[in-house]
Asks: 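Dumping the structure here so I can ask a few things about it.
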Protein chains: 2
Amino acid sequence: MAKSIYFTLGIHNHQPVGNFESVFEDAYKKSYLPFIELLEAHPAIKISMHYSGPLWDYLLKKHEEWIRKLAALVKRSQVEILTGAYYEPILPNIHDHDKIGQIKLLTRTIEKYTGYKAKGMWTAERVWEPQLAKPMAEGGVKYTILDEAHFRYAGLEPSGIFGYYITEEQGLPLYIFPISYQLRHLIPFKEPEKTLEFLASAATEEGNLIAVFADDGEKFGVWPGTYKTSFEEKWLERFFKMLEENSSWIKLITFSEYMEKHPPAGRIYLPTASYFEMLEWALPAPAGKEFQKVLAEVKAAGKWEEYENFLKGGFWRNFLAKYPEANNMQKKALLVSHKVEKMKGVTKHDALKELWQGQCNCGYWHGVFGGIYLNHIRTAVYEHLIAAERIADNETHSEKPFIHAETIDFDLDGKSEILINSDKINLYLGPHQGGYLFELDYKIKPANLCNSLSRREEIYHKKIRELAGMEEKKDEGLVSIHEMVKSKEKGLEKFLNYDWYRRVSLLDHFFHPSVTLESFRDTLYREQGDFVNQLYQYDLKNDESKAELTLSRNGHVWIDESFVPVRVEKKINLTSGEPAFTVEYKIKNLSENTIKLWFSPEFNFSFLSGNDKNSFYICGGLKTPLDSTAALENIKDFAVKDGIRNIDINLGMEIPCSLWMLPLETISQSEAGFERVYQASTLLPNWKFTLGKNKEWQVKIKIFIQ
Amino acid sequence: MAKSIYFTLGIHNHQPVGNFESVFEDAYKKSYLPFIELLEAHPAIKISMHYSGPLWDYLLKKHEEWIRKLAALVKRSQVEILTGAYYEPILPNIHDHDKIGQIKLLTRTIEKYTGYKAKGMWTAERVWEPQLAKPMAEGGVKYTILDEAHFRYAGLEPSGIFGYYITEEQGLPLYIFPISYQLRHLIPFKEPEKTLEFLASAATEEGNLIAVFADDGEKFGVWPGTYKTSFEEKWLERFFKMLEENSSWIKLITFSEYMEKHPPAGRIYLPTASYFEMLEWALPAPAGKEFQKVLAEVKAAGKWEEYENFLKGGFWRNFLAKYPEANNMQKKALLVSHKVEKMKGVTKHDALKELWQGQCNCGYWHGVFGGIYLNHIRTAVYEHLIAAERIADNETHSEKPFIHAETIDFDLDGKSEILINSDKINLYLGPHQGGYLFELDYKIKPANLCNSLSRREEIYHKKIRELAGMEEKKDEGLVSIHEMVKSKEKGLEKFLNYDWYRRVSLLDHFFHPSVTLESFRDTLYREQGDFVNQLYQYDLKNDESKAELTLSRNGHVWIDESFVPVRVEKKINLTSGEPAFTVEYKIKNLSENTIKLWFSPEFNFSFLSGNDKNSFYICGGLKTPLDSTAALENIKDFAVKDGIRNIDINLGMEIPCSLWMLPLETISQSEAGFERVYQASTLLPNWKFTLGKNKEWQVKIKIFIQ
């Protein structure tokens with residue numbers, strides 16, 4: 001009896017919320033459209049396709065022909081459409097009601113435009129936790145597709161991946177197909193014949209097994225070099241032809257069709273997992289280094305195949321521990337979700353759409369793609385979250401001006417933060433971290449103006465240091481994205497400075513006389529105070545139209561080899577209806593001696609670009625780009641113009657200051673190599689003054705946004 | 001500045017639901033009581049204690065002095081009591097409403113008897129999944145205690161374990177303390193000074209770190225050899241004295257007190273995990289063997305410390321895949337929980353108590369303790385689950401006789417089972433598995449009479465084979481329970497036979513003439529039919545007082561080197577109000593030839609003991625023990641008397657049969673060594689007959705339970 005095997009192809013297409021329209025359009029032209037056109041020409045090629053919500057939104061609006069073509073392929077039973085959570089959130093990152101709501105939205109959208117009732121779902125980044133079977137089932141999902149790795153971590157033998165399995169949570173069932181790791185590395189990176197060989201090796205006389213390929217559609221046309229290979233050099237067409245020519249034993253089938261014909265291969269429970277590389281990225285940097293060492297040893301010893309089922313990296317959710325900025329977004333999304341969930345009116349639908357866009361996964365983590373390092377992606381997250389919050393707040397407060405202040409553990413670090421919300425702005429402050437202002441939401445043109453990203457060590461930074469001085473090698477041929485080491489710019493190693501505190505605003509520095517703008521930038525300066533990230537006391541007074549928050553710390557400044565007691569008090573005032581707040585600083589010498597101080601509260605304001613031609617600092621008549629590094633003197637009024645979002649931030653200092661400005665820039669990897677990314681513009685108004693025993697110095701700063 | 005460290009001791013005391021009262025009493029005398037008395041004598045020894053619900057139930061009933069002593073220790077702030085889910089279920093194994101309900105019940109009980117409002121909980125077997133933070137928080141829990149392993153799998157550096165962490169699920173926070181792996185292996189197995197050395201190595205000048213020991217209280221007095229060391233040789237007293245003498249730098253503290261004084265060390269998300277060994281046990285046997293090989297290699301290469309954070313076994317829930325019997329119990333518990341959840345009346349409280357007892361973890365898995373291999377523990381699980389179901393059914397059906405039949409995927413294997421419930425018995429049948437009767441609940445004296453356990457390969461069986469013929473070595477001194485290799489009986493290797501189908505009832509065999517009782521027992525016999533575990537068609541007719549289920553399969557019997565088509569039909573009838581059912585077998589020759597058949601439907605009835613003096617088979621005037629191996633001839637009426645539970649099963653055969661009887665016995669490990677465990681009594685009524693073309697043979701079997 002001849003051997004045969006079922007083969008299913010699953011394609012996942014996605015672009016993040018907030019990605020540039022040109023990227024969507026480019027991906028459509030280079031990948032999504034030619035892929036569909038090739039399917040039209042090859043009716044025997046059965047396939048399962050997933051398009052994430054951002055693509056549905058974009059393509060329905062811009063490319064009416066796309067849905068026509070797709071629906072036709074569905075109608076002739078060539079394509080099965082997969083649902084998913086609409087805006088592609090990491091599922092454990094969001095509330096259950098959002099998980100279910102987002103799944104149902106995509107399922108409804110698919111049905112509306114293609115008539116197809118989707119049964120299976122794509123799980124974003126294959127980030128799996130065992131309890132997900134429940135919200136998935138409650139969202140109407142019958143099956144999903146995860147990596148071979150997930151199954152191996154449960155102890156499944158390698159031969160077991162040619163089938164599908166049943167799992168359940170609290171009695172709610174879900175079927176799961178394992179994606180072949182080997183196929184994911186053959187397609188489209190090796191010649192089609194290699195896939196043929198792989199399938200031949202797995203085919204059986206019974207012919208009832210199934211091999212599953214499922215991966216990003218962007219591997220066909222969008223990833224560097226793949227448009228040339230996939231379409232110009234016709235890899236994909238050759239692949240389809242090969243499948244057609246071997247249809248006697250390679251039986252193309254959709255997931256659903258296979259499920260109708262064959263029972264599950266067994267019961268399985270999958271531990272928390274994702275694809276192998278993701279778990280590696282999720283480790284904190286020190287553990288990540290140790291893991292790389294172990295992997296290198298095991299591979300060098302030829303033990304990889306023997307060990308791989310038991311060697312496992314970290315856990316996705318620890319991106320929230322690794323990057324406080326990811327945690328900030330995620331906790332903001334939880335908070336906004338609570339507000340939206342309580343809504344009763346007709347605008348709830350709009351609020352949900354905004355909220356769910358703000359849950360799109362891409363900005364919440366970092367691996368080989370930029371992820372959280374991409375300023376514009378994080379900006380989009382906050383834009384949508386704050387827009388959702390504004391809609392919910394408008395309902396709660398009947399569109400009237402308001403102030404609402406509360407003390408809660410917003411970021412779930414075990415300590416309280418202070419959240420002051422008004423109809424115009426939100427100020428989120430952390431008394432336990434220097435009384436910092438870690439979120440500054442401008443609700444009118446929704447944006448978090450403190451959406452910066454601090455500079456941290458990444459495991460791959462050592463490669464940049466290693467490469468420093470070496471000539472950049474030209475990328476030769478098509479290499480797997482994991483192997484690529486190249487920099488988009490020379491000299492990146494000079495930017496590898498790391499911050500010891502979170503680079504947000506109202507960070508109270510006392511500098512040593514030796515500090516320069518450059519030594520500050522390179523974190524080689526001497527901090528003399530213990531205020532930047534230490535505990536502040538607080539006193540919050542508020543009513544429905546005003547809030548006054550006083551943050552204070554009796555700390556120390558290191559002067560002439562001794563700790564001198566100094567008190568810093570910052571009083572923040574804001575009023576409903578006004579997109580402005582004031583900060584009154586009082587610095588008091590608590591010692592017996594006269595002391596000289598150099599005080600500088602740090603601000604980090606985030607904008608989309610450091611060198612946009614319509615965005616700049618304005619001081620006097622002078623305009624300078626947002627990534628300028630400069631020290632100005634005798635400044636009272638200062639403005640920052642965001643020409644992209646059309647937001648102005650105006651700072652008014654009661655006492656003229658020296659003003660340092662510099663860009664906050666990170667070094668990260670992306671699919672195109674190492675890159676420097678502008679994250680925020682740092683402003684350091686600073687004052688030098690002398691204080692006698694018990695004397696106090698004070699300054700008032702007004703921040704006005706429009 | 002002198003170095004110091006906080007040190008907390010957590011003790012978890014537990015006995016399974018269904019364990020013998022003598023074991024409870026023995027554990028109390030040898031461990032729980034002397035431990036408390038020692039605490040009374042050492043008021044400086046602060047400690048956190050957890051007693052599981054079965055202990056609370058037993059000790060409140062039998063040892064009023066225990067609660068008096070405990071409450072006094074709580075009152076003088078020496079002891080902090082931990083809550084937990086009352087009957088110690090593996091949390092992911094049960095519904096969220098049961099998780100929360102069980103936690104609240106233990107918290108209420110603790111408060112009622114000690115006045116203490118428990119803040120922390122013991123997590124059964126430290127089986128953690130990230131979503132548990134939510135039901136725990138909803139149950140009023142502030143913190144729990146998990147293994148160092150959990151934290152390392154998240155990428156925490158080894159030095160990070162001397163603190164506690166915050167995690168959250170969907171915004172609900174939970175604090176978690178890591179238990180030191182080293183302390184768990186020092187206490188009480190090494191001299192107290194070793195603990196001192198360990199603490200000294202972790203102490204710091206700041207003195208703000210905490211070292212956590214937490215483990216089973218039974219390690220002090222109940223585990224083999226530990227009563228002698230802990231109390232007779234006064235290990236525990238020496239340990240306490242050592243702590244008292246070093247109180248200047250070893251600061252004893254409870255979990256709650258430490259939390260009040262010190263903030264969490266950080267945010268963390270823990271992947272699915274348990275203690276290291278549990279994850280090893282949870283692997284399927286083939287993967288388990290591979291894992292052991294990898295571990296041995298890594299240890300031999302001196303790489304253990306380098307690799308251990310990344311080397312991980314399986315996932316607890318796969319015990320449900322590994323043992324269909326565990327899955328059966330767990331799915332039964334889910335089903336009963338649904339029924340109980342819907343209750344409105346005053347008996348709901350009783351039903352919940354029964355249900356929750358049936359969720360006690362010990363019978364659902366297997367590691368170094370007997371676990372699922374312990375017949376009496378599984379018996380208790382079903383006793384309580386069926387009792388809960390009866391209470392719920394009584395409410396639904398107003399205590400009237402009823403029949404309710406349904407076709408649902410009860411065991412969540414993707415295929416439908418047939419559940420016939422009456423006021424007296426439940427019959428659960430699986431058409432896709434030979435139409436087997438896999439659960440037979442007698443509701444009057446609540447018991448599942450098909451609660452058998454099939455014989456399967458366990459990874460440690462190879463040790464028994466290796467030991468075979470070797471003299472049993474005398475256990476020298478106190479060794480860790482993981483290192484013990486001893487058998488409670490010689491010649492166990494002869495019992496290492498494995499079943500190829502689940503040993504329940506109505507399993508339709510066709511034997512080859514060469515089959516003997518012994519070859520059947522040793523699974524060395526020749527099965528001639530394809531009925532035992534293959535697909536049956538079914539037809540279910542039922543109303544409120546009667547049910548008739550016809551299961552049939554047109555299969556084959558291998559006769560004279562060819563497959564002969566044969567039809568087996570079994571019609572099952574039962575009536576409300578009657579603790580009885582009939583099975584009418586029809587065997588039809590579908591071939592053109594006359595054939596000789598040897599047919600035997602297998603029954604496995606489970607009892608608590610194979611050699612109880614009041615339990616026996618009764619046939620004619622003859623009484624034989626339930627673990628008899630015998631072949632009887634010409635049997636029409638046959639009874640099985642369970643003298644422990646006082647249940648009789650009567651079988652009446654319409655046509656006299658030959659009857660084989662044999663015990664079903666497994667070989668498993670327990671803390672005391674390898675042991676043979678009686679699981680069920682196998683009955684094989686069998687008939688030899690000749691059938692001409694299209695001829696049919698039939699027999700009716702009546703089963704009556706009282």
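Naming: A, B, ... by sequence-line order, numbering from 1 per chain.
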Asks: Please identify, among B/Gly171, B/Ala273, B/Ala282, the residue contributing the most non-hydrogen atom pairs under 4.5 Å to chain A.
Replies: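 If we count pairs closer than 4.5 Å to chain A, B/Gly171 comes out on top.
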
Asks: Could you tell me which of A/Gly314, A/Gly414, A/Pro263 has the largest number of non-hydrogen atom pairs under 4.5 Å with chain B?
Replies: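 Sorted descending by pairs with chain B, the first entry is A/Gly414.
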
Asks: When rounded to the nearest 0.5 angstrom, what is the spacing between CD1 in A/Ile268 and CG in B/Leu320?
Replies: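 Here the rounded value is 12.0 Å.
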
Asks: Going by side chain to side chain donor-acceptor pair (under 3.5 Å), name the residues that satisfy it together with B/Tyr536, two or more places apart in sequence or in a different chain.
Replies: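 Applying side chain to side chain donor-acceptor pair (under 3.5 Å) to B/Tyr536 gives B/Asp508.
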
Asks: Among A/Leu334, A/Asn327, A/Asp411, A/Leu283, which residue forms the greatest number of heavy-atom pairs with chain B at distances under 4.5 Å?
Replies: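 Looking at each option in turn, the highest pair count goes to A/Asn327.
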
Asks: Is the shortest side-chain heavy-atom distance between B/Gln170 and A/Lys99 below 4.5 Å?
Replies: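 Touching, per the 4.5 Å side-chain cut-off.
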
Asks: Tell me, for B/Tyr165 versus chain A, whether the close heavy atoms (under 4.5 Å) come from the side chain, the backbone, both or neither.
Replies: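 B/Tyr165 has no heavy atom closer than 4.5 Å to chain A.
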
Asks: So what's closer than 4.5 Å to chain A heavy atoms on B/Asp96: side chain, backbone, both or neither?
Replies: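 Contact with chain A: backbone and side chain both.
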
Asks: Given a strict heavy-atom distance threshold of 4.5 Å, which part of B/Glu168 is in contact with chain A: side chain, backbone, both, or neither?
Replies: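 Its backbone and side chain both get close to chain A.
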
Asks: A/Glu306 versus chain B, heavy atoms under 4.5 Å apart: side chain, backbone, both or neither?
Replies: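 For A/Glu306, the contact with chain B is made by backbone and side chain together.
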
Asks: Can you see which heavy atom on A/Arg267 is nearest to which on B/Ala321, and at what distance?
Replies: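 That closest heavy-atom pairing would be O-CB, 3.6 Å.
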
Asks: Heavy-atom distances under 4.5 Å only: say whether B/Lys322 touches chain A with side chain, backbone, both or neither.
Replies: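 B/Lys322 has no heavy atom closer than 4.5 Å to chain A.
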
Asks: Apply ring pair (Phe, Tyr, Trp, His ring centres under 6.0 Å) to residues A/Tyr269 and B/Phe315 and explain how you reach the verdict.
Replies: CA-CA 7 Å; A/Tyr269 293 90; B/Phe315 176 37; 7.0 Å; no

Asks: Give the interface residues of residues 125-134 of chain A toward chain B, defined by a heavy-atom separation under 4.5 Å.
Replies: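 A/Glu129, A/Pro130, A/Gln131, listed by number.
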
Asks: Would you call the rings of A/Phe310 and B/Phe291 parallel, tilted or perpendicular, taking 30° and 60° as the class edges?
Replies: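 Tilted: the ring planes of A/Phe310 and B/Phe291 meet at 30° to 60°.
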
Asks: Looking at B/Met259, B/Glu297, B/His338, which makes the most heavy-atom pairs under 4.5 Å with chain A?
Replies: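 Option with the greatest count: B/Glu297.
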
Asks: Is it the backbone or the side chain of B/Ile166 that comes under 4.5 Å from a heavy atom of chain A, or both, or neither?
Replies: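 It is the side chain, since no backbone atom gets that close.
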
Asks: Chain A: which of B/Asn318, B/Asp409, B/Asn309 shares the most heavy-atom pairs with it under 4.5 Å?
Replies: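 Of the options given, most contacts go to B/Asn318.
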
Asks: Against chain A, label B/Lys312 side chain, backbone, both or neither, depending on which of its atoms sit under 4.5 Å from a heavy atom there.
Replies: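 Looking at B/Lys312, backbone and side chain both touch chain A.
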
Asks: So does A/Glu169 pair up with B/Arg317, basic N to acidic O under 4.0 Å?
Replies: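 Salt bridge flag = yes for B/Arg317 with A/Glu169.
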
Asks: If you check every heavy atom in residues 148-156 of chain B against those of chain A, which residues fall under 4.5 Å?
Replies: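 The stretch touches chain A at B/Tyr153, B/Ala154, B/Gly155.
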
Asks: What residues, two or more places apart in sequence or in another chain, satisfy ring pair (Phe, Tyr, Trp, His ring centres under 6.0 Å) together with A/His262?
Replies: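 Counting only residues at least two positions away or on another chain, A/His262 forms a ring pair (Phe, Tyr, Trp, His ring centres under 6.0 Å) with A/Tyr6, A/Tyr258.
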
Asks: Could you state the interatomic distance from CG (A/Leu412) to CG (B/Leu172), rounded to the nearest 0.5 Å?
Replies: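 Those atoms lie 8.5 Å apart.
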
Asks: Do you know which of A/Leu295, A/Thr272, A/Leu279, A/Leu335 has the most heavy-atom pairs with chain B at a distance under 4.5 angstrom?
Replies: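 So the answer, after comparing A/Leu295, A/Thr272, A/Leu279, A/Leu335, is A/Thr272.
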
